[in-house]
Number of protein chains: 2
Amino acid sequence: MSTTTPSADAPVPEGDWRPRLDALRGSIDNLDAALVHILAERFRATRQVGALKATHGLPPADPGREQRQIERLQQLCDDAGLDGDLATRVMRMIIDQVIRDHERIAEERAAHEA
Amino acid sequence: MSTTTPSADAPVPEGDWRPRLDALRGSIDNLDAALVHILAERFRATRQVGALKATHGLPPADPGREQRQIERLQQLCDDAGLDGDLATRVMRMIIDQVIRDHERIAEERAAHEA
C-alpha cells in the first residue's frame with residue numbers, strides 16, 4: 001500500500017505551519033502599530049511636560065521621578081510576566097530621549113526670549 | 001496700592017504648575033502601563049512563533065521578515081509623528097530579545113528530544 005506520510009527527515013510541508021505563522025505575525029504587526037501609537041501619545045504628553053518645565057524654569061531631568069517610574073515599571077512587568085530587564089532598558093532609552101527633548105525645548109525657549 | 005504680583009526673578013509658585021504637571025504625569029503612567037501590557041502580549045505571540053519554528057525546524061531568525069517589520073515601523077512612525085530612529089532602536093532591542101527566545105526554545109526542544 002502506498003502512503004503519503006513523509007519520512008522523519010523530510011521537510012515539513014509549508015501548509016502545516018504557514019497559516020498559523022501568518023496569523024501570529026498578523027497579531028504581532030497589530031501590536032506593533034499599537035505600541036507606536038501609544039509611544040507617540042506618550043511623547044505628546046512629555047513634550048507638554050517639557051514646555052511646562054521651560055515656562056516655569058524647572059530642570060529638564062527629575063531623577064526622583066525617573067527612579068519611581070523604573071520601579072513602577074518593574075512591578076508592572078512582574079505582574080504581566082514580562083522580562084523586567086528588557087523593559088527597563090527600553091524605558092531608559094525613552095526617558096533619555098525625553099530629557100534631550102526637554103533640554104531642546106528649554107534652549108529654544110531661552111533663545112526666543114533672549 | 002499693594003500688589004501680590006511676583007517679580008520676574010521670583011520663583012513661580014508651585015500652585016501654578018504642579019496640578020498640570022501631575023495630570024500629565026498621570027497620563028504618562030497610564031500610557032506606560034499600556035506599553036508594558038501590549039509588549040507582554042507581543043512576547044506571548046512571539047513565544048508561540050518560537051514554538052512553531054522549533055516544532056517545524058525553521059530558523060530562529062528571519063532577516064527578510066525583520067527588515068519588513070523595521071520598514072513598516074518607519075512608515076507607522078512617520079504617520080504618527082514619532083522619531084523613527086528611537087522606534088527603530090527600541091524595536092531592534094525587542095527583536096534581538098525575541099531571536100534569543102526562539103534560540104532558547106529550539107535548544108530546549110532539542111534537549112528534550114535528545
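The sequence lines fix the lettering, A, B, ..., with proteins before strands; numbering per chain opens at 1.
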> Looking at chain B, which one of A:D32, A:T46, A:N30 has the largest number of heavy-atom pairs inside 4.5 Å, strictly under?
A:D32
> With a 4.5 angstrom heavy-atom cut-off, which part of A:Q48 approaches chain B: side chain, backbone, both or neither?
both
> Between A:L31 and chain B, which part of the residue has a heavy atom less than 4.5 Å away: side chain, backbone, both or neither?
both
> Would a single hydrophobic cluster contain both A:I70 and A:V98, if residues Ile, Leu, Val, Met, Phe, Trp and Tyr are joined by side-chain heavy-atom contacts under 4.5 Å?
yes
> Side chain from CB out, backbone as N, CA, C, O: work out which of these in A:L21 comes under 4.5 Å of a heavy atom of chain B, or both, or neither.
both
> With the side chain counted from C-beta on, respond yes when A:V49 and B:I28 share a heavy-atom pair under 4.5 Å apart, and no when they do not.
yes
> Can you name the nearest heavy-atom pair linking B:I38 to A:I38, along with the distance?
CD1-CD1, 3.2 Å
> Please report the C-alpha distance between A:L52 and B:R18 in whole Å, then the side-chain angles of each, then the deciding distance to 0.1 Å, and finally whether the side chain to side chain contact (heavy atoms under 4.5 Å, CB included) criterion is met.
CA-CA 10 Å; A:L52 194 69; B:R18 175 60 68 184; over 6 Å; no
> Non-hydrogen atoms of chain A under 4.5 Å away: do they reach the side chain of B:E41, the backbone, both or neither?
both
> Quick check on the interface: out of A:L73, A:V90, A:I94, who has the most heavy-atom pairs with chain B under 4.5 Å?
A:V90
> Would you mind checking which part of A:D62 comes under 4.5 Å of any heavy atom in chain B, side chain (CB onward), backbone (N, CA, C, O), both or neither?
side chain
> With a 4.5 angstrom heavy-atom cut-off, which part of A:A45 approaches chain B: side chain, backbone, both or neither?
both
> Check step by step if side chain to side chain contact (heavy atoms under 4.5 Å, CB included) holds for A:W17 and B:L58.
CA-CA 10 Å; A:W17 50 265; B:L58 305 168; 3.6 Å; yes
> Is there a side-chain contact between B:M93 and A:M93 in this structure, where contact means two heavy atoms from C-beta onward sitting under 4.5 Å apart?
yes
> Walk me through whether B:R89 and A:Q97 qualify under side chain to side chain contact (heavy atoms under 4.5 Å, CB included).
CA-CA 12 Å; B:R89 280 185 286 133; A:Q97 178 69 46; 4.0 Å; yes
> Between A:L82 and B:F43, what is the shortest heavy-atom contact and its length?
CD1-CD1, 3.5 Å
> Could you tell me which portion of B:L76 (side chain, backbone, both or neither) has an atom closer than 4.5 angstrom to a non-hydrogen atom of chain A?
both
> If I measure from the heavy atoms of chain A, does B:A87 come under 4.5 Å with its side chain, its backbone, both, or neither?
neither
> Using a 3.5 Å distance criterion without hydrogens, assess whether the side chain of B:R72 forms a donor-acceptor pair with backbone atoms of A:D29.
yes
> Determine the minimum heavy-atom distance between A:A80 and B:A40, stating which atoms define it.
O-CB, 3.7 Å
> For the candidates B:R20, B:H37, B:Q69, which exhibits the highest count of non-hydrogen atom pairs separated by less than 4.5 Å from chain A?
B:R20
> Hydrophobic cluster membership, with links at side-chain heavy-atom distances under 4.5 Å among I/L/V/M/F/W/Y: are A:I105 and B:L86 in one?
no
> For B:R25, is it the side chain, the backbone, both or neither that has a heavy atom under 4.5 Å from a heavy atom of chain A?
both
